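Heads up, the thing below is written out as structure tokens.
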Amino acid sequence: MDASYDPQAVESRWYQIWEDAGVFRPEVNPDGEPFSIVIPPPNVTGVLHIGHALNMSIQDVIIRRKRMQGYAALWLPGTDHAGIATQNVVERELAKEGLSRHDLGRERFVEQVWAWKAKHGNRINQQVRRLGFSTDWSRERFTFDKGLSEAVGHVFVELYNQDLIYRGERIINWCPRCHTALSEIEVEHEEEIGELTHIRYDYTDGTGSVVVATTRPETMLGDTAVAVHPDDEKYKDAVGKTVTLPLIGREIPIVADGGVELGFGTGAVKVTPAHDPLDFEISQRHDLPAIKVIDTEANITRAGGEFFGQDRFEAREAVRHELNKQGYIVEVEDHHHSVGHCSRCGTVVEPMLSLQWFVKVGPLVGPAVEPIKDGRARYIPRRWENNYFRWMEDLRDWCISRQLWWGHRIPAWYCDDCDEVIVSVEEPQACTRCDGSSLRQDEDVLDTWFSSQLWPFSTMGWPENTPDLEKYYPTDALVTAYDIIYFWVARMIMMGIHFTHREPFRDIVIHGLVRAADGRKMSKSIGNAVDPFDLADEYGADALRLALLQSAAPGHDIPLNVEWIDAARRFGNKLWNAVRFALNHVEPGSVPATGGYPEDPGPIDAWILSRLHAVAADYDALLDEYRFSDAVGQLYNFAWSETFDWYLELAKTSVRNPASADATRQTLGVVVRDLLALFHPIIPYLTEELWSELVGDGLVAAAKWPQPPAVESAGGVNELQALIVWVRRFRAEHELSPKTQIQLLVDDPAAIAQPWWQEQLASMANVAATYEGPPAVVAGHTRFTSGALQAFVPLAGLVDVAAEKPRLEKAIAQTEQLLARSQGKLGNPNFAERAPADVVAGERRKVEEFNAKLEKLRTQLAELG
RNA sequence: GGGCGUUUAGCUCAGUUGGCUAGAGCGCUUCCCUUACAAGGAAGAGGUCACUGGUUCGAGUCCGGUAACGCCCA
């Protein structure tokens, strides 16, 4: 083995071996209980970003551990066809050649996207492999592959037949750049400073006027009414009158409607039914016409008269200019308002009346809330449940049709002869009503999330009752960032319950977003995005994974610090060298893959084994609770601060002594081996490499999860450690060279100190210890005390006696403070009465301990003279 | 406007049934190239846990309020 660890060399070789061995298939544990996770499918044309790395690292920890625990553990991978995103990517490529999708036509364009997918879709899979994620590639799925598309068709038809999908004219959000309708949650609202323009509309009868205010003056071209609140005294007489719409000259009524916000602005609002959701509702109640004045290109329609053909923003200025010229503008004021943007391309969306397909969500909500309410499924952390409930409560119907070419075509056909709508999985040959044969399929495709929402069961073969569906559905855990709870998680629950009558997963593990080091969101445009593969190349995939998991406190965002990744890499080097050390003392390949704990461990061996047992148990408990950062922290500190810093050092002496060597060698082997196994889900590559060096039997990826036995530690090690630390500190504070041997006279009436300490003290602290009781003359010594145990150091020739004084004074002051605190507690009569007995007893013990210590320290100080 | 989150060492963050002499990584100081590792070891400095009021024998931890920052929804 090399003296240092080279991540690149280690990480290039194992994935293929794992795959060839089939260890990522649940079939490696044919008799195991099933445990399953489906991956949140990344966009097929995308690249993995650091958020994916976190998301998948968490899943890999879960699944690798379950696999090692003997479960038939399935982690199902795949990708999402990502309608708009993918279409945009391919369109951009075409644009480089000066082409638009319309130049190709639908069929050739879709072929082009498939070609793109074939070429680039594999990139994601390579990236998943690069980071070592243990997905079962034999079960890989794509939201647009045959089986999943059939599931989509099936679901659409079922929902349609159940009246849960309908087609209707509603106000939708239109993206003029993507040329498609969007759902509510695909619109991002941003606060912007705009101008609120107050416009005067004169009564047609010339008796006065009403003033309305708008941030979008161009929409006035499509006004078909003015509305006021029915309780608004100011407009009591105005209701029923008409006004003449400026510029257009249309006579439109003033109506009273409860939807108008009382006391906002002037109290009168213009009503543009074709371009505002609230106005549309008002128009429905008053039977008002809807006039479209903005088209799908965001240009003014012919209904806009002289403004026809102008872009909406140009028209905004032009309309205002014209209104001003004609004297209709009363006032223009600055105004903060939120403007919707397309979440895919950032273009300002246009609310627009449009004929689209919708999912009626009302009847689906209740059943989807129940499993969370009654605990059949849970969010981790729990607080996300409230967000989920609140969001579900005021969920509006979901616009699912998209005017794109890349996606599942809506399975609806229109009969040219009789206007019948035929919704069917299979393409109908003739009209079901008039038998006409002139049928046109709906041009639109479905929202990507319509297929994603079926992912937990469609990937397993649903609606067929396949063996996989039978065995692995419902899944056990879903791991995702909080930003797609609404897009994805909520809908999977709705559809899962509706179609399979089961909640699609039990534990919904919500993690945070990875942020840039400055705490801001990572984004390409800000230029602070970090590519996980650059990090993997520089520090290793293992280091990246370890760093992410160390930081992954439940549900919290993670600012990415390169220092952490570097520290994680250094940990890798430390582990590497710990194994090198172990291999100096145990034969390569001689450590069994499981078991092999010593029958008769020595004191240091029993100590580390007892710690290993305790830490492994804690680690397991924390992982069961999905507390990754706590779990990893435990193991990391045990490995470094206890095993490497103490046990390995103590072992150096122990293996030199024939009486203890065998047990220590054996212990060393199994402790390091168990560390490798316990760390394997976190840092799979390095542990596999080291396993091959140390164990040489099979793969750690397929090894048994360690269950170190409970070993009783006879004691003595902690006291020895305290003594060593005390000596080291004494040495450091007096600036004594490590080469200066220190004499130690041990006084041990309770027989705590053991013979083997002598060698350890010599090795760990360059101490020559004798066990012959306290010195005849105590003066001129300083001493260590721990309970009845005392150790004296003669100061003569070592340090100036006076120089030891400040040390003692400092120790006295500290102890006095602690004593005062404990006495304060005990001095409170309520404390003794009300605090639990063990807490009180503990406090009494402390007081005794501090008193004893103080007494000795004071004696010492006096002895120094 | 409503909801949620955050505020702990110089920096970035842990701290889940209230018992803490408050931890980690990085940074800093001193010493050490000791035969696993200088990508290391040893020792150390550094915190009135945002502020405020309360509950409690006891609060970083629970409750109320304030402030700053962030996110989501309208």
Side-chain angles (χ1 to χ4, degrees), chain A residues 1-7 184-185 188-189 338 381-384 386-387 389-391 394 482-483 485-486 512-513 515 517-521 539 543 547 550-585 622 625 627 629-630 632-634 636-637 640-641 644-645 648-649 651-652 668 672 724-739 763-766 814-815 817-819 821-822 824-836 838-840 842-843 846 850:
Chain A
M1 282 178 80
D2 292 339
S4 64
Y5 153 58
D6 173 14
E184 303 287 334
I185 52 180
E188 288 169 2
H189 295 269
S338 81
R382 274 262 139 77
R383 67 186 145 83
W384 290 103
N386 285 328
N387 283 22
F389 293 144
R390 195 167 304 112
W391 188 74
D394 46 31
Y482 58 73
D483 59 345
I485 292 177
Y486 303 149
L513 306 177
R515 298 188 167 275
D518 59 8
R520 290 191 298 175
K521 210 168 180 170
Y539 301 97
Q550 280 178 308
S551 319
H556 284 220
D557 284 355
I558 300 171
L560 186 79
N561 264 310
V562 172
E563 290 86 41
W564 286 26
I565 303 174
D566 194 43
R569 193 205 62 199
R570 291 205 296 269
F571 176 78
N573 189 57
K574 189 76 180 173
L575 186 60
W576 175 274
N577 276 292
V579 171
R580 282 183 67 217
F581 173 80
L583 286 169
N584 288 341
H585 301 288
L622 289 165
E625 293 172 52
R627 290 167 56 181
S629 83
D630 289 339
V632 174
Q634 281 266 337
Y636 181 98
N637 285 324
W640 203 318
S641 307
F644 304 155
D645 286 348
L648 262 48
E649 295 302 327
K652 286 175 182 172
L668 183 61
V672 173
I724 289 168
V725 168
W726 179 83
V727 172
R728 284 169 173 173
R729 186 170 180 172
F730 171 79
R731 191 193 295 276
E733 285 177 355
H734 290 300
E735 293 179 335
L736 296 173
S737 157
K739 297 190 172 73
S763 152
M764 304 278 281
N766 194 12
Q814 275 174 352
T815 311
Q817 232 175 28
L818 293 172
L819 177 66
R821 189 195 288 220
S822 290
K825 280 187 190 175
L826 288 167
N828 183 338
N830 284 326
F831 176 72
E833 266 172 50
R834 303 196 191 180
D838 58 324
V839 174
V840 177
E843 217 58 46
K846 278 193 210 165
F850 295 148

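These figures come from a predicted structure and were not determined experimentally. Order of the sequence lines sets the chain letters (A, B, ...), proteins ahead of strands, with each chain counted from 1. Hydrogens, waters and symmetry mates are skipped; everything else that's a heavy atom, side chains included, is used.
- One can place CD1 of A:Ile485 at 12 Å from C1' of B:rC71, the figure rounded to the nearest angstrom.
- Using cut-offs of 30° and 60° on the angle between ring planes, the pair A:Phe730 and A:His734 is perpendicular.
- Ring pair A:Trp384/A:Tyr482 is parallel by interplanar angle, where below 30° counts as parallel and above 60° as perpendicular.
- Taking a pair as Watson-Crick or G-U with both hydrogen-bonding distances under 3.5 Å, the stems of three or more pairs touching RNA chain B are B:1-7 with B:67-73, B:10-13 with B:23-26, B:28-32 with B:40-44, B:50-54 with B:62-66.
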Q: List the protein contact pattern of nucleotides 3-17 of chain B with one symbol per nucleotide (5' to 3'): B for base contact, S for sugar-phosphate-only contact, - for none; contact means a heavy-atom distance under 4.0 Å.
A: S-SS-----BSS-B-
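- Sequence order on RNA chain B of the closest nucleotides to A:Ile185 and A:Ala567 puts A:Ala567 first from the 5' end.
- Note: CG (A:Asp566) to C1' (B:rG25) measures 11 Å, nearest angstrom.
- Nucleotide B:rA59 holds its C1' atom 11 Å from the NZ atom of A:Lys825, rounded to whole Å.
- When atom types are taken as modelled, the side chain of A:Arg728 and the backbone of A:Ala765 share no donor-acceptor pair closer than 3.5 angstrom.
- The 12-atom threshold is exceeded at CD of A:Glu625, counting heavy atoms of other residues, nucleotides or ligands nearer than 6.0 Å.
- Remark: A:Asn830 engages A:Asn828, A:Glu833, A:Arg834 in a side-chain contact (heavy atoms from CB on, under 4.5 Å) (not counting sequence neighbours).
- Here the side chains of A:Tyr5 and A:Asn577 are not in contact, with every heavy-atom distance at 4.5 Å or above.
- With sequence neighbours excluded, the residues forming a side-chain contact (heavy atoms from CB on, under 4.5 Å) with A:Ser822 are A:Glu843, A:Lys846, A:Val847, A:Phe850, listed by chain and number.
- The phosphate of B:rU21 has OP1 or OP2 within less than 4.0 Å of a side-chain N or O from A:Arg821.
- One interatomic measurement links the two molecules: CG of A:Asn830 to C1' of B:rG19, which rounds to 16 Å at whole-angstrom precision.
- A:Pro836 comes within 4.0 angstrom of a base, heavy atoms only.
- In this structure, the CZ atom of A:Phe831 is 12 Å from the P atom of B:rA59, given to the nearest Å.
- With the nearest nucleotide of RNA chain B identified for both A:Ser338 and A:Tyr636, A:Tyr636 has the one nearer the 5' end.
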Q: List the protein contact pattern of nucleotides 28-40 of chain B with one symbol per nucleotide (5' to 3'): B for base contact, S for sugar-phosphate-only contact, - for none; contact means a heavy-atom distance under 4.0 Å.
A: --------BB-BS
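- Between A:Arg729 and the phosphate of B:rA42, there is no side-chain N or O to OP1/OP2 separation shorter than 4.0 Å.
- Nucleotide B:rA43 holds its P atom 14 Å from the CH2 atom of A:Trp726, rounded to whole Å.
- With sequence neighbours excluded, no residue forms a salt bridge (charged side-chain N to carboxylate O under 4.0 Å, His left out) with A:Arg383.
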